[in-house]
Amino acid sequence: MANALVNVPARARRGEIIEVKTLISHPMETGYRRTQLGARIPRDIIRLFVCTYNGTEVFRAELHPAIAANPFVVFSTVATESGTLAFQWTGDNGFSATESATITVE
Amino acid sequence: MSGRAPHLLAALSVIALAGATFAGEIPMTERRSGYDFLSRETRAMQDDDTANPGMLAVLEGGALWARKTGAAGRACADCHGDAGASMKGVAARYPAFDATLKRPVNLEQRINRCRADRQQAPPLAYESRELLALTAYVARQSRGLPIDVAFGGRTQPFLDNGRAAFYRRQGQLNLACSQCHDDNWGRRLAGNVIPQAHPTGYPVYRLEWQGLGSLQRRLRNCLVGIRAESYEYGAPELVELELFLMWRARGMAIETPGVRP
Amino acid sequence: MGAAAGLGLGAVITVVPVHATPKEMEDAVRKVVGSAPVTKGRVKLELPPLSENGNTVPLTVSIESPMTAADHVRAIHVFTELNPQPDVVSFRFGPRAGHARVSTRIRLANTQTVTAIGELSDGSFWSATAAVVVTLAACLEDA
C-alpha cells in the first residue's frame, strides 16, 4: 500500500507544456547500510518510474539507490489532448504502484 | 559515526563555555520558527504540498481517519466527522490536561486514548507509521493557527516541571536545553544552525531521518546529543517538556508537516 | 515513511563500505555513451552549493532544445564520483516532453562533484558538473 501524490493541472490549452510533479512513499533502502549488529540491510528501491499519456509513454526515469527516500520527480509534457496521465512505479521485492490524473485540454 | 563524535564534542564544549554568558529567555518579538533557519531549498520543500514528503503521511492519515477499526468497528470520522472542521485548532492546544489521568497528554496519547475508549482498539506504537500518519493528519488541520496550550491552574505544575527540565544541566556534557536554544540560537553546531526549539511543525519530516518523526523522537535525539539518559516514549517528563516548549512557542503558527534538516 | 522507525530506532547505522572512484564513474559514463565524445556544455545542472543534509539534495537538470521529432533530447544521466555507486538516475524523454527539464532529490554520501550527461537525438553527448559541499548534522540519533 503505497501512497503517492501527483500534481497535474486539471486544464490546459492544446500544445501547452505542463509541469507534472510526483511524490511517492518509499524508503529507497540503499543496500549499503548495516544494523548495529553488522547485518546488511538489503536493498529495497524503486527502479523505474514511467508516465504514459493516453497510453503513450512520455517520460521515464531509471532510479538507483542515490535517489532520496520518498522519490520526488518533476518533469513536463505537452498537453496534446484530454485524457489520462498514468504513473507507474516498479521496484525491488515486487514493488508496484500506480496513480493517475485526468486533464482537460481545450 | 566515530569520526563525527569528537567533532560534535568539540562544538558542544565551545557552547558549554559560551553558556557562561547566559542570555536568558528569548523575548517574544525575537522568536523565530526553525523554518526561518532553513535553506531556500528546504523551505521550498515544506511550502509545496506536492514536494513536502510529510504530506504523504497526511494523505495516509486521512485514510486511517475514515477507516473503521477496533472491536467497536468505529472510525475516527464516525464520531468527529470532517476533520477539517472538528480538528481545526486541536493540535495547537496539545499537550492538554486529561481529567481522567489527572495530567497532560500529548496528541499521540490523546489519539491512543480515543482508540482505547471509543474504538476499543489496541494502542498504536509510538513512532509507528500509523500513529505518525494520524497525528500528522490531525495536526495538519491546525496549519497556520497560533499555538494556544492551556496554562495556569491544574496544568501549571506540569508546565513548571517542563521549564525546570529545559533549564537543568544534564548528561555527561552537563548541558541544559537553554544553553543551545536560548543562549546560542542562530549559531552553528556542526553543519547546522541551532534553532530556537519551537515545536511548530510536528510531526516533522526530518532529512536526517528520511522520514516523519514526533517531537518526542526529537527530544530523545537531543538528550542523546548531550549524553543524557533519555526517557521512554510517552514518559511524563517528555510530555512536560513538550508542554513547556509549546507554551514557550505560544502564538506561533503551526506548520505541520514541517520539514527540517 | 518512517523507514528508520520500522527498523527500530537507533538500530540503523549508515556505513559506506565502498566508494565509487572517479575511474568507476568514468566506466559508468562509458557504459552510457560508448565511444562517443562527450562535450562540456548545453546541459544546465542546478544543485545547491551547500547542502544541509546529504540524504536529500535537490537537483534540477535541463537542456535547451526545440524538442521536435527531428531535434530533441533523448536522455539525461546523472552520476556521482564518491557515492557507493556512480549511477544516480537516468531520465528518458521524447518530443512529447516539451521541455528537457527534470527535478528530483538525490543522496550524496559526501562533498563531491555531480555530473550530468545529456544524450541528443543527433547522437551527440553533452555534459555539466556541479560541486556540492555536504555538511554533517549534529546530534544524530546514533551519535
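Note on naming: letters A, B, ... go to the chains in the order of the sequence lines (proteins, then strands), and numbering restarts at 1 for each one.
No option in A:V74, A:T22, A:N7, A:V20 other than A:N7 meets the side chain to side chain contact (heavy atoms under 4.5 Å, CB included) test with B:T50.
B:Q210 and A:N70 get closest at one heavy-atom pair: O-ND2, 4.0 Å.
At most 12 heavy atoms of other shown residues, nucleotides or ligands fall within 6.0 angstrom of atom CZ in B:R118. For A:E106, the CD atom sits in a packed shell: over 12 heavy atoms of surrounding residues, nucleotides or ligands are nearer than 6.0 Å.
No side-chain heavy atom of A:S25 sits less than 4.5 Å from a side-chain heavy atom of B:M55. You'll find the side chain of A:K21 reaches within 4.5 Å of the side chain of B:D48, heavy atoms only.
Atom-to-atom distance recorded for B:L56:CG and A:L5:CG is 5.0 Å, nearest 0.5 angstrom.
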